[in-house]
Amino acid sequence: MFRILLVKDGHGAPDLEEKLRRHGFSVDVATSLKDARKTESDLILIYTTPQRVGDWVPGDTGIPLMYLIDFEDEGNLVLTCPYGCIEKPVDDGDLKSCIDFVMSRIILGEERYRKLFEYIDSCVAVYEAVDDGEDFVIRDFNRAAERVERVKREEILGRRVTEVFPGLDDFGLLGVLRRVYRTGRAEHFPLAFYSDDRISGWKENFVYRLPSGEVVAVYRDLTERKQLEEKLKENERLYRSIFENTGSATTIVDEDTTILMVNREFERLSGYSREEIEGEKSWREFLAEEDLRRMEGYYHIWMKDPALAPRIYNFRFRDRHGNIKYIRMNADPIPGTTMIVASLVDVTDIREAEEEILRSLREKEVLLREIHHRVKNNLQIISSLLNLQLSRIGDEELRKIVRESQGRIKAMAMIHEHLYQSESLERLNFREYAEKLVGDIIISHGVSVRKDLEIEDMELDLDTAIPLGLLINELVTNSIKYAFPDGRGTITIGMRKADGSVELVVADDGVGLPEDIDPSSTDTLGLKLVSLLTEQLNGKMTLDVDGGTKFSIVFRDRDE
């Protein structure tokens with residue numbers, strides 16, 4: 001059975017002995033090499049750390065020796081062998097493979113060893129001391145080292161290391177080679193930057209001496225990793241700068257609602273320092289009670305499927321001192337993680353300004369309603385004054401003129417009454433207004449004329465409704481006065497929208513007007529008003545007196 005002397009430095013690798021025995025090795029455990037010569041071991045395996053590796057001087061035991069070096073900070077192990085190194089976390093399989101290699105080296109000889117030396121990923125260089133250990137000649141160089149150093153082995157074997165690598169002394173590795181050769185103590189030379197006129201890069205070395213006196217350097221070229229680390233650091237600085245200077249309070253939240261990161265603006269907004277927040281507080285702690293349940297509901301939706309949740313939220317934020325602030329938040333998932341980045345903007349001033357504007361608008365709305373109410377009342381007063389005057393007027397023609405003026409005043413007063421009662425102070429439902437207007441005109445004249453109304457629902461503004469109401473008043477009044485000598489007949493009123501225009505039709509089936517009448521040049525006040533009001537609407541009027549009287553007025557819809 002293959003015997004291993006496991007020398008443990010400290011209390012690390014508690015299961016190492018069990019792993020070795022599991023693979024069929026006989027294992028003796030020691031904490032010192034002083035009795036190594038007395039053992040019948042086939043291999044000495046020293047478990048240590050980079051800082052302590054130089055404390056172990058194997059001496060000339062005549063037994064192959066390996067270091068199992070625990071890089072605690074990186075969380076991995078490096079297992080060395082006489083001319084090789086396995087650079088990965090060592091599991092059962094790696095451990096057995098390396099020890100099998102040593103067995104093969106002892107039992108099978110040079111060929112098996114040479115293959116491993118050539119094909120491992122680590123760079124391995126073997127040096128022989130010259131000039132009493134002041135310089136070294138290169139005796140072997142594996143393929144990984146050729147690739148990293150961009151040289152051919154046959155071109156450098158037998159040459160001095162200071163000639164091939166002139167920057168070695170400044171790099172510091174030449175001094176390590178000299179110490180290891182003279183003391184026999186292995187050394188870990190930590191990551192450093194090498195540079196000469198030909199090559200440069202970041203390298204980490206492990207150097208030890210063989211029983212033959214040759215010095216072996218097993219090393220890794222970590223230039224790409226170092227460059228990546230520098231790039232990551234630069235990206236981190238850039239990210240941190242953006243994170244800190246977005247202009248809004250920004251935070252990163254984990255899936256369990258813990259706040260992981262905040263910027264200065266969030267500190268200012270909340271009143272807490274980042275040390276008090278990061279990893280210590282949940283976003284729930286900053287929500288006003290009234291909004292907490294709603295935001296938790298959104299959060300549960302987000303955790304199931306972010307696409308189903310809103311990206312923008314409005315809520316009340318409670319700071320350290322209990323002050324409530326209105327916040328508008330934009331939230332997005334961080335790709336490849338379960339974290340959320342949220343940007344918060346304090347809109348308290350905007351919210352207060354909006355509320356002030358709304359209060360002002362409500363006050364103005366009340367004032368406008370009151371104005372419409374007073375205008376309506378004032379028009380009714382004027383109508384009442386005219387009514388008083390009627391009692392003093394004996395001339396029937398003059399009385400008729402006063403009554404017609406009262407009708408026009410009433411038509412305008414009804415518009416202000418509808419605006420006062422409607423939800424909107426800018427527009428009124430014209431169909432409702434026209435139906436009431438026509439009904440009141442017929443009742444006020446005390447006739448039995450029927451009405452046929454076909455008016456579409458439409459909202460009109462004040463500038464359109466007043467002239468349109470006066471037009472209907474004039475045309476319906478004229479029909480009642482002149483079209484029905486016997487007091488019977490039908491007045492038809494139609495109004496509809498089509499192709500961006502509004503068409504008003506007022507018709508009767510009465511005796512009709514003379515065929516040669518021109519509303520724009522007649523001496524009749526009512527027809528003159530019809531013509532003037534049509535012009536005010538920028539409309540076009542047509543008159544048809546075949547089988548009664550039919551006025552058609554078309555004008556552009558202001559909303560189109």
Side-chain angles (χ1 to χ4, degrees), residues 74-75 225-362:
E74 299 182 11
R225 191 180 81 175
K226 189 70 175 177
Q227 290 172 342
L228 179 59
E229 288 176 353
E230 290 299 320
K231 186 175 181 180
L232 288 174
K233 288 179 181 178
E234 179 61 29
N235 288 342
E236 172 67 18
R237 288 192 291 269
L238 178 62
Y239 156 74
R240 173 58 72 174
S241 176
I242 294 171
F243 185 76
E244 289 292 346
N245 299 286
T246 58
S248 61
T250 306
T251 178
I252 294 176
V253 181
D254 204 355
E255 63 178 335
D256 65 355
T257 77
T258 301
I259 297 175
L260 302 178
M261 288 181 64
V262 297
N263 65 358
R264 288 189 295 270
E265 279 298 312
F266 194 92
E267 290 181 285
R268 184 193 61 77
L269 177 69
S270 66
Y272 291 92
S273 68
R274 69 181 64 201
E275 291 77 17
E276 294 175 297
I277 300 171
E278 294 179 346
E280 301 294 332
K281 291 188 177 294
S282 163
W283 58 259
R284 291 186 175 95
E285 298 177 50
F286 294 98
L287 261 70
E289 190 67 32
E290 298 86 346
D291 293 330
L292 181 57
R293 181 172 295 181
R294 174 172 60 87
M295 294 300 289
E296 285 179 333
Y298 284 137
Y299 189 75
H300 291 318
I301 295 172
W302 183 283
M303 287 295 102
K304 291 179 181 178
D305 186 354
L308 299 177
R311 290 182 63 250
I312 298 175
Y313 304 86
N314 293 286
F315 60 91
R316 281 160 287 191
F317 182 96
R318 186 179 65 248
D319 68 11
R320 180 177 202 141
H321 309 291
N323 300 318
I324 298 298
K325 302 174 182 180
Y326 290 93
I327 296 297
R328 183 177 179 85
M329 182 181 77
N330 187 302
D332 280 297
I334 299 177
T337 74
T338 58
M339 296 181 288
I340 298 170
V341 59
S343 177
L344 293 78
V345 178
D346 185 353
V347 294
T348 303
D349 292 343
I350 297 173
R351 180 65 178 263
E352 291 175 351
E354 288 177 347
E355 290 179 351
E356 181 60 32
I357 291 170
L358 288 174
R359 282 193 296 270
S360 177
L361 287 174
R362 285 193 291 269

For this session: Would you mind checking if Glu229 and Arg225 are paired as a salt bridge, meaning a charged N to carboxylate O distance below 4.0 Å?
Result: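 Salt bridge present between Arg225 and Glu229.
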Exercise. In this structure, are over 12 heavy atoms from other groups packed under 6.0 Å from Glu289 atom CD?
Worked result: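 Counting other residues, nucleotides and ligands, CD of Glu289 stays at 12 neighbours or fewer.
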For this session: Kindly check if the number of other-residue, nucleotide or ligand heavy atoms within 6.0 Å of CZ (Arg237) is above 12?
Result: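 For Arg237, atom CZ is crowded (more than 12 foreign heavy atoms under 6.0 Å).
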Spell out, as yes or no, whether a donor-acceptor pair under 3.5 Å connects the side chain of [X] to the backbone of [Y].
| X | Y | value |
| --- | --- | --- |
| Glu280 | Glu275 | no |
| Asn330 | Ser343 | no |
| Arg318 | Ile324 | no |
| Thr251 | Met261 | yes |

How many angstroms lie between atom [atom1] of [X] and atom [atom2] of [Y], to the nearest 0.5 angstrom?
| X | Y | atom1 | atom2 | answer |
| --- | --- | --- | --- | --- |
| Met339 | Ile334 | CE | CD1 | 4.5 Å |
| Thr258 | Ile252 | OG1 | CD1 | 13.5 Å |
| Thr257 | Glu285 | OG1 | CD | 8.0 Å |
| Phe317 | Phe266 | CZ | CZ | 4.5 Å |
| Arg316 | Asn323 | CZ | CG | 15.0 Å |

Residue pair [X] / [Y]: nearest heavy atoms and the distance that separates them:
| X | Y | value |
| --- | --- | --- |
| Ala309 | Trp302 | CB-CE3, 3.7 Å |
| Asn263 | Ser248 | ND2-O, 3.0 Å |
| Ala249 | Leu269 | CB-CD2, 3.9 Å |
| Val262 | Arg274 | O-NH1, 3.4 Å |
| Trp283 | Leu287 | O-CD1, 3.4 Å |
| Ser270 | Ile277 | OG-CD1, 3.6 Å |

Exercise. Which salt bridge (charged side-chain N to carboxylate O under 4.0 Å, His left out) pairs, counting each pair once, include a residue from residues 247-265, with sequence neighbours left out?
Worked result: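 Sorted pair list: Glu244-Arg264, Glu265-Arg268.
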Exercise. Which residue pairs satisfy the salt bridge (charged side-chain N to carboxylate O under 4.0 Å, His left out) criterion with at least one member in residues 294-303, sequence neighbours excluded?
Worked result: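 Qualifying pairs: Arg284-Glu296, Asp291-Arg294.
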For this session: Quick one: sort the Phe286 and Tyr272 rings into parallel, tilted or perpendicular, breaks at 30° and 60°.
Result: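 The arrangement is perpendicular - the two ring planes meet at more than 60°.
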For this session: Would you please name every residue forming a side chain to side chain contact (heavy atoms under 4.5 Å, CB included) with Val347, sequence neighbours left out?
Result: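 With neighbours one apart ignored, the set is Tyr326, Arg328, Val345, Ile350.
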Exercise. Hey, are the side chains of Ile327 and Asp346 touching, using non-hydrogen atoms and a 4.5 Å cut-off?
Worked result: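 Sidechains of Asp346 and Ile327: in contact.
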